2 protein chains.
Amino acid sequence: MANASPMTIGDLAAATDTSVETVRWYEKVKLLPAPARSAGNYRLYGREHLRRLSFIRRGRDLGFTVDQIRELLALADDRDRSCAEVDTIARSHLAQVERKLSDLTRLAQELRDVIGQCGCGSVADCRIIEALSPHGEPS
Amino acid sequence: MANASPMTIGDLAAATDTSVETVRWYEKVKLLPAPARSAGNYRLYGREHLRRLSFIRRGRDLGFTVDQIRELLALADDRDRSCAEVDTIARSHLAQVERKLSDLTRLAQELRDVIGQCGCGSVADCRIIEALSPHGEPS
DNA sequence: TATGCACCCTGTAGCAACTACAGGGTCAAG
DNA sequence: CTTGACCCTGTAGTTGCTACAGGGTGCATA
C-alpha cells in the first residue's frame, strides 16, 4: 500500500480495462469528476477516481445504462439513504434483461426453424427467403 | 383483390407497422427504392413496395441488421443463385444471437444474486452497491 | 543537445437504426 | 375558406462509445 498515486489517464484506463477515450468520455458526461491537472495539463487521478471508475465499469458489465449508473452513484454517495431505491433500479433492470432474454430465445428458435428448412437449392425455392417474405405470396 | 393501390406513405407504414419516418429512412439508405410521386409530390407506393417493406420488417424483427437485409434482398432478387449464401447469413446471425443469449443468461443470474442479497437497509450496508464496488474496498 | 517515441491534449465526426422536431406544402371535408 | 390530417425536406438527437486530426509533453537514448 505504498500507492500515493497520481495516475495518468493511461494508468487509470489500464487499471480498469477501459480505453483512454472512454475515460475522457465519462468525464464529459459527468460520470467521473474532472481530475486535477499536472503542469503540462495532463489529467491526474487518485484512488477515489479509480474506485468510482471501477464501479462504473462493473455496472456497465452488468448492463446498467449510464443513466442508471448515475443514479446508483448518487445513491451510493448518500449513505444514510434507504437501500430501497437501489433495489428498485436493480430489479427493473433485471426485468428488462429477462424480457430481452425471452425475446432472444423466441428469436433463436425461429431462426433455427427457418435454417432447418433450407435444402440449399437455388434461391428460387429457398425456404429462408420465403420465410422472410410476406406470407405465402409468390414472386 | 380489387387493390390496384397507389398507397401513400402513411398507408404503407400502417400496413407494415412501421413509422412514416422509418419508411423515409429506409429509402434514404436504399433499402427501399424511391417510389413515384403524385402531382403534389407525395410518395406513391405499389404492391412491390409493400412486399419489399414487409420483407425488411420481418428481417428486422428477426434481428438481422440492415446490411444483412440488404444482402438478403440482393440474393432474393437473383433467383438462380444458390441458396447457400442465404443459409450462411442466417447461420452466422443465429450464432450471434446464441452468443448474446448466453451472455444475457449469465448476466441475469448475476443480477438475481446481487438483488437477492439486498436486505433493504440503508445504503451504507447495501449489498448491491457493494457488489458493484471494487472488491472489498470500504467507503 | 537533439531527436525519437510513447503518451497526453482538444475537438469533431462517425457508428446503428432510428426518432423527433422545425418549418413548410397538400388535400378533402364542412 | 378554413380547419385539420396528412405529406414534404432537412437537420439534430438518441446510446455508448470509437476513431481520427492536429497538435503538445515527457522521458530515454545517441
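Order of the sequence lines fixes the chain letters, A, B, ..., with proteins taken first and strands second; residue numbering starts at 1 for each chain. Worth saying up front: this structure is predicted, and the values here are computed from it rather than measured. Hydrogens, waters and symmetry mates play no part in the numbers below; they use all other heavy atoms, side chains included.
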*Would you give the length of the straight line joining atom OG1 of B:Thr105 to atom CG of A:Leu101, rounded to the nearest 0.5 angstrom?*
4.5 Å

_Minimum side-chain heavy-atom gap B:Pro35-B:Leu44 below 4.5 Å_ = no

*asked:* Under 4.0 Å between a side-chain nitrogen and a carboxylate oxygen: does that hold for B:Glu27 and B:Arg24?
replied: no

*Taking the side chain from B:His93 and the backbone from B:Leu62, do they hold a donor-acceptor pair closer than 3.5 Å?*
yes

*Check: A:Pro33 and A:Arg52 side chains under 4.5 Å, non-hydrogen atoms*: yes

*asked:* For B:Lys100, is there an ion pair with B:Asp103 - N to carboxylate O distance below 4.0 angstrom?
replied: no

*asked:* Is any side-chain heavy atom of B:Tyr26 closer than 4.5 Å to one of B:Ile69?
replied: no

*Value in whole Å for how far the P atom of D:dT9 lies from CH2 of B:Trp25*: 17 Å

*Taking OH from A:Tyr45 and P from C:dC8, how many angstroms apart are they, rounded to a whole number?*
10 Å

*Do any of residues 90-105 of chain B sit with a heavy atom less than 4.0 Å from DNA chain D, and if so which?*
none

_Whether B:Tyr26 contacts C:dA17 is assessed here as follows: a side-chain N or O lying under 4.0 Å from the phosphate OP1 or OP2. Is that the case?_
no

*Side-chain N or O of B:Arg60 less than 4.0 angstrom from OP1 or OP2 on C:dA16?*
no

*Between B:Arg58 and B:Asp61, does at least one N-O distance fall below 4.0 Å, as a salt bridge requires?*
no

*asked:* What is the distance, to the nearest angstrom, from the CG atom on B:Leu12 to the P atom on D:dC7?
replied: 10 Å

_Looking at A:Thr8, I'd like to know whether one of its side-chain N or O atoms comes within less than 4.0 Å of OP1 or OP2 on C:dC8._
yes

*Considering only side-chain heavy atoms of B:Arg43, which listed nucleotide, C:dT19, D:dT9, D:dC7, is closest?*
D:dT9

_N or O in side chain of B:Ser19 less than 4.0 angstrom from C:dT19 OP1/OP2_ = yes

*Phosphate OP1/OP2 of C:dT19 contacted by B:Thr22 side-chain N/O (<4.0 Å)*: yes

*Taking the side chain as every heavy atom from C-beta outward, state whether A:Ile56 and A:Thr18 have any pair of such atoms under 4.5 Å apart.*
no

*For D:dT9, take OP1 and OP2 only and decide whether either is under 4.0 Å from a side-chain N or O of B:Arg24.*
no

_With side chain to side chain contact (heavy atoms under 4.5 Å, CB included) as the criterion, how do B:Arg57 and B:Asp17 come out once you've worked through the C-alpha distance, each side chain's angles and the decisive distance to 0.1 Å?_
CA-CA 8 Å; B:Arg57 293 304 285 178; B:Asp17 198 27; 5.9 Å; no

*asked:* Checking contacts here: which listed nucleotide (D:dC8, C:dC8, C:dC21) is nearest the side-chain heavy atoms of B:Glu21?
replied: C:dC21

*Just wondering, do A:Leu31 and A:Phe55 contact through their side chains at under 4.5 Å, heavy atoms?*
no

*asked:* Measure CG/B:Leu53 against P/C:dA17 and give the value in whole Å, please.
replied: 16 Å

_Those residues of residues 31-42 of chain B lying under 4.0 Å from DNA chain D by at least one heavy atom_ = B:Arg37, B:Asn41, B:Tyr42

_For B:Arg70 against B:Val29, the heavy-atom pair lying closest together_ = NH1-O, 2.5 Å

*For DNA chain D, the residues among residues 62-69 of chain A that have a non-hydrogen atom under 4.0 Å from it*: A:Thr65, A:Val66

*Atom CZ of A:Arg57 and atom C1' of D:dG16: how far apart are they, to the nearest Å?*
10 Å

*May I have the distance from A:Met7 (atom CE) to C:dC8 (atom C1'), rounded to whole angstrom?*
16 Å

*For the pair made of NZ in A:Lys28 and C1' in D:dC17, what is the distance, rounded to whole Å?*
10 Å

